[in-house]
Amino acid sequence: MQWSVVGSLLAVLVLGCLGGSVHGAQEIVVYTSEDQVFSEPILKAFEAKTGIRVKAVYDTEETKSTGVVNRLIAEQRHPQADVFWSNDPVRPILLYTLGLLTPYRSVHRERIPQRYRDAEGYWTGFSARARVIVYNRTLVTPPSAPHSVRDLVSPAWHGKVAFANPLFGTSTIHAAALFALWGEEQARAFFEAMQRNGVRITTSNGEVRDLVAAGEVAWGVTDTDDAHVALTQHKPVEVVYPDQDGLGTLIMPNMVAMIKGGPHPENAHKLIDYLLSADVEAQLAASPAAQIPLGTDVTTPEGVPALASIKGMDVDYVQVAERLEKLQPFLSTWVGYR
Amino acid sequence: MKRLRLALGARELSLTAGLVLLLLVGVVPVVWMVVRTLAEAGLADLQVLVLTGRQWHLLGNTLRLGALVVLGTTVLGTPLGFLLAKTDTPWKGLFSCLLMVPLFLPPYLLALAWFYVLGKQGLLASVLGTGIGEVGSAWLFSLSGTVFVLTLAFYPVTMVLVATFVKAIDPASEDAARLFLPWPTVLAKIDLPLITPGVVLGALFTFILSISELGVPLFLRYDVFTVQVFTQFAAFYNARAAVLLSLPLLLLLVILLGVERYTLRERFFAIVGGRTRRGAIVPLGRLRPLSGSLVGLFACLAVLCPIGALLLTSRSLASYLAALHGSGRSIMNSLLDATLGATVITLLGFCLAYSIERSGRQRRYGLDTLLMLLLTLPGTVLGISMILSWNQAATAFLYRSMLIIVCGYTAKYLVLATRIQGLALQQVPKSYQEAARLAQVSWGTEVLCIHVPTLKKALVASWLLAFLFCLRDLDTTMTIYPPGNETLPVRIYTLMANSPEPVVAALALILVLMTLAALTVMVGLWSSASLGVHDGDH
């Protein structure tokens, strides 16, 4: 009798755990490196709108946008995900080069400017962040404020600026973009000059923002969402979109891509269509992430600039992705990891 | 005769099934991953094994962290264990329970709580000014801060072992010495040498736990081997380099477990498996209030301060409502996974403990070392091995379900159940089992009528202990959790990025409360007897 009770309970538990193992028709699996606090409400809204259950795997701050990419690579022989929602424009291209993506041309792709989407439909961008300068207004007056990333190597700012570890997150992409634009020699010289100029290397863009807000450094380079947090908290900081009269500001859209061999291709199409809609771009612009809509059909809320008002850096994201891989040994040495 | 053969057959089948299951969920994935990695690795890959300046730096940091944590846990855990087990310190029952709490919380949660206290915009800074916040933050995000948090996470290991060894001291030897010597001399000459193995064992375990810990050094940005292994995986997409880099750490763990196995384990089994004795309690006299105050102060620092920090940071009821919104499924997942994990671990633990205890010493130590190695293996490495092994067409049903998490828990925490039940089984006279065999009862009847009643407290204790460790697991779960099945610790960790602090603090406190509820049940059961065997066996 007792055995049968124990056995029944175990069976119920096992069945409960197995419950999610069978892929249902009305579900979709998405891996996302966008912060859960921003992406979860969007995915919940998709669930509510379509009735399709979203099963998500989120990245952590510590994995700096790369944990789910690793998981996608590790699972490549038997893909479990349908869609990869990346918070940067480079990692999907890395997956493309590994042959893990399949193309899909969304009905909404035409509203996205051409430079932010793949012609064949392997990846499509939406809602962007930008790499900006954030400075402490008690330490820096507007006329003397930096206006270019080249100011990172200016002797006037020796030991007074911060840049996040370029081995992780968007700093890596920024470094790769500079290498792609300037070429190997000039970019290496620039990074070596940064070292000589005593640039403080932080573990995250959030830390750059905090150091600037606390007045520990005069200014730093960070992302718009991190800068927006400081602004909403009324910290003594100002934001500058760098190099508006030169090489332009690096724009980093989210990107969505469809995984080859994923279990729910039809639902993947629906989710990609949804993420590329004007509604989602409006939601992300109004969220604390303050992301810049790529479509011109979205009215930007206060504090979020229109894409057209920013001179974007003229980079090819495929080239940036290629550079990124080649750069790792140099950056590892530069940071001191080797 | 036929029934006897059937009984033996069922017994052997159960025990073999237990061993096969252990091999499948834990050993084979790890061994396969290491072998595959070494086979596929080229000369360039193997260069990560060469002890370059960077490797020496990592090794130095790892050993420094382990050594300093051991120093801290020994300095704190030894007197605490002694005071609570041997003296008439006031409120010692309450303190014993309270001081156990940090062991069952995810260490990164303690790091988070201390960040809320000492951070730049932390509670201390809000009271004493930003200058203090700057100093506190700089200190926390350093070797000192990492040592501080890990010491407060692991001191209960030493405390419990010392208390256990103290309780195992034969009162007769103390009584004889007391005829001629005062208490301080008896403690120094008789008791201290007898509890030294407990102190050393505690030091060894905390060293192993410290060097295999990822969450705290990652959060506090202290560069050690586990962080570098994780970085190879996370920043460079290089699982091969991550596995190769973890080999020196694995080697170090094997050496340490070898030291434990050849010098201390027999002593551990003998002492912890023996009967708890009612030795004399040292009267503290006028020092009693001081002892109570010191232990109470430490309990405030180690337990109440971090929990209080979470409570204060969560600020309002709205934070809890926001935290619970959307987290119901994670809480249910955590409870379901931990329940099934603890049940499988307890049942499998019984099979293995039975197999170990009824077989030779070599087999016992071999299996025990294997299980200890799985416990101390970095969760990320275990997770990668499980993805590579279980994400196959034939096993997709398991990989896509929460059972993959249960497999991870089983591999990692099985040693807890085998050790507890093994110790309890040592106290069951073999004559019981022989009588059952002579009576030709079935294996099921033998288990149900002899082992379950005699071991019921050990079974419940090992279930609760396994439940608590499954509930707090982060590293392994974070690597392998199936889409849509995140557990509460994983949700807290992923929400930490850019979520409002009060909501994260509220979620963390919910996890603490779940842990405290389970811990209260465990303490209630555990305090009533020695390790698990029902009273009056002997």
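Values below: all heavy atoms of this structure, side chains included; hydrogens, waters and symmetry mates excluded. Protein chains get the first letters and strands the later ones, always in sequence-line order, with residue 1 at the start of each.
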Option that, when pairs with chain A are counted at under 4.5 Å, heavy atom only, ranks first among P483(B), G484(B), G133(B):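 Highest number of pairs under 4.5 Å: P483(B).
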query: Considering only heavy atoms, which portion of E134(B) lies under 4.5 Å from any heavy atom of chain A: side chain, backbone, both, or neither?
result: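 It is the side chain, since no backbone atom gets that close.
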query: Considering only heavy atoms, which portion of I480(B) lies under 4.5 Å from any heavy atom of chain A: side chain, backbone, both, or neither?
result: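 It is the backbone, since no side chain atom gets that close.
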- request: Would you mind checking which part of Q233(A) comes under 4.5 Å of any heavy atom in chain B, side chain (CB onward), backbone (N, CA, C, O), both or neither?
  value: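 Contact with chain B is absent: no heavy atom of Q233(A) under 4.5 Å.
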task: Could I get the full list of salt bridge (Lys or Arg N to Asp or Glu O under 4.0 Å) partners for E213(B), not counting sequence neighbours?
output: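 Partners of E213(B) by the salt bridge (Lys or Arg N to Asp or Glu O under 4.0 Å) criterion come out as none, since no residue qualifies.
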- prompt: For the residue pair Y108(B) and Y493(B), does the interplanar ring angle fall in the parallel (under 30°), tilted (30 to 60°) or perpendicular (over 60°) class?
  reply: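 Answer is perpendicular, since the angle exceeds 60°.
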query: Does R71(A) make a cation-pi contact with Y481(B), if we ask for NZ or CZ under 6.0 Å from the ring centre and within 45° of the axis?
result: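 Relative to the ring axis of Y481(B), which defines the angle, R71(A) lies inside both limits.
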Pair E322(A) + K326(A), salt bridge at N-O below 4.0 Å: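 No, no charged N to carboxylate O under 4.0 Å.
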